2 protein chains.
Amino acid sequence: MEILDLDPIIHERVRLGIMTLLLQAGELDFQTLKRELGVTDGNLAQHLRVLEEHGLIRVHKAFAGRRPRTTYALTPEGHRRLQVYLDRLARILKSARRKRGSI
Amino acid sequence: MEILDLDPIIHERVRLGIMTLLLQAGELDFQTLKRELGVTDGNLAQHLRVLEEHGLIRVHKAFAGRRPRTTYALTPEGHRRLQVYLDRLARILKSARRKRGSI
DNA sequence: CCGTTATACTTTGCCACACAAAGTTCTTTT
DNA sequence: AAAAGAACTTTGTGTGGCAAAGTATAACGG
């Protein structure tokens, strides 16, 4: 079944949240992600590292004034794999809505 | 963010597969689920038990001839929660497709 | 009648993973 | 000098997925 083809790295909820936020915004900083997702910073950092290690996002360390401000964005590869994931999800959704019986 | 409201019990891939198959077919037996999902029987049994323990599916033990044939179907509660899950997923998908920039 | 096969599990063992909480480094602000 | 903020890392703990093997019941084949 096609559901099992869903990328397990992306399928995890927090990471799916990160990926879709980045898809919409293009680029986001640590604080924004943390606030949007409502997770602890340690937890967020770990998920970000998983995504980076798999080449799905890139990290850009910069400064706002003299404060560090790290921003994150999808890599082309991450963008591509997210699209595949979302396409499969859309197809699953459509087939789930189709042909429903009873209740 | 809304992604974190996705029901973790349903979100797991094999269980999502079971639930959507049952939504479409109404009722399925163990062998069909196993074949469709391509998982081991032990693995399938465990996921089915999780779903049953959470009240999302009901189990009906019957016989085909004199062979045991267990069938599974969504409970009303399972049906309701799957709908909520799918609705949230659809909204996430729509918002992800909206407003995409670059690449 | 006895070994094999099928169904539907349960049990065992293992590794990965999610998460919280606390610690760390560097720097800025007061 | 002290406190606070950013972005982590480390540690600890519990849960979870999965494969593989074992189990109970019953049918089938020779």
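Order of the sequence lines fixes the chain letters, A, B, ..., with proteins taken first and strands second; residue numbering starts at 1 for each chain. Predicted model only: the values in this text are computed from it and were never measured.
Comparing atom distances between the A:Arg69 side chain and each of C:dC19, D:dG17, D:dA7 picks out D:dA7 as nearest. In the set C:dA18, D:dC18, C:dC9, the nucleotide with an atom closest to the side chain of B:Ala45 is C:dC9. When distances are taken from the side chain of A:Arg15 to each of C:dA18, D:dG17, C:dC19, the shortest belongs to C:dA18.
An OP1 or OP2 oxygen of C:dA20 is reached within less than 4.0 angstrom by a side-chain nitrogen or oxygen of A:Asn43. Here B:Tyr72 reaches the OP1 or OP2 of C:dC9: one of its side-chain N or O atoms lies under 4.0 Å away. Residue A:Thr70 places at least one side-chain N or O under 4.0 Å from the OP1 or OP2 atom of D:dC8. Residue B:His47 places no side-chain N or O under 4.0 Å from the OP1 or OP2 atom of D:dG16.
The separation between A:Leu44 atom CG and C:dA21 atom P is 16 Å, rounded to whole Å. Here D:dG17 presents its C1' atom at 13 Å from CD1 of B:Ile18, a figure rounded to the nearest Å. At whole-Å resolution of the value, CG in A:Leu48 and P in D:dT9 are 10 Å apart. The separation between A:His60 atom NE2 and D:dA7 atom C1' is 15 Å, rounded to whole Å. Note: CG (A:Leu4) to P (D:dC18) measures 8 Å, nearest angstrom. Per the geometry, CZ belonging to A:Arg35 stands 14 Å off C1' belonging to D:dA6, to the nearest Å. The CG atom of A:Leu51 sits 13 Å away from the P atom of D:dC8 (whole-angstrom rounding). Taking atom NZ of A:Lys61 as the reference point, atom C1' of D:dC8 lies 7 Å away to the nearest angstrom.
In this structure, B:Arg58 contributes its side chain and B:Thr75 its backbone to no donor-acceptor pair below 3.5 Å. Side-chain atoms of B:Arg81 never come within 3.5 Å of backbone atoms of B:Leu56 as a donor-acceptor pair (strictly under, hydrogens ignored). No donor-acceptor pair closer than 3.5 Å links the side chain of B:Thr20 to the backbone N or O of A:Ala96.
Both A:Val14 and B:Thr71 sit near DNA chain C, but only B:Thr71 has its closest nucleotide nearer the 5' end. When the nearest nucleotides of DNA chain D are assigned to A:Phe30 and B:Pro8 by heavy-atom distance, the more 5′-ward of the two goes with A:Phe30. For the pair B:Thr40 and A:Gln46, both in contact range of DNA chain D, the more 5′-proximal nearest nucleotide belongs to A:Gln46.
Counting any heavy atom pair closer than 4.0 Å across all strands shown, A:Gln31 reaches sugar-phosphate atoms only and no base atom.
Few gaps surround NE2 on B:His11; more than 12 heavy atoms of other groups in view lie less than 6.0 Å from it.
A donor atom on one side chain and an acceptor atom on the other are found under 3.5 Å apart for B:Arg97 and A:Gln83.
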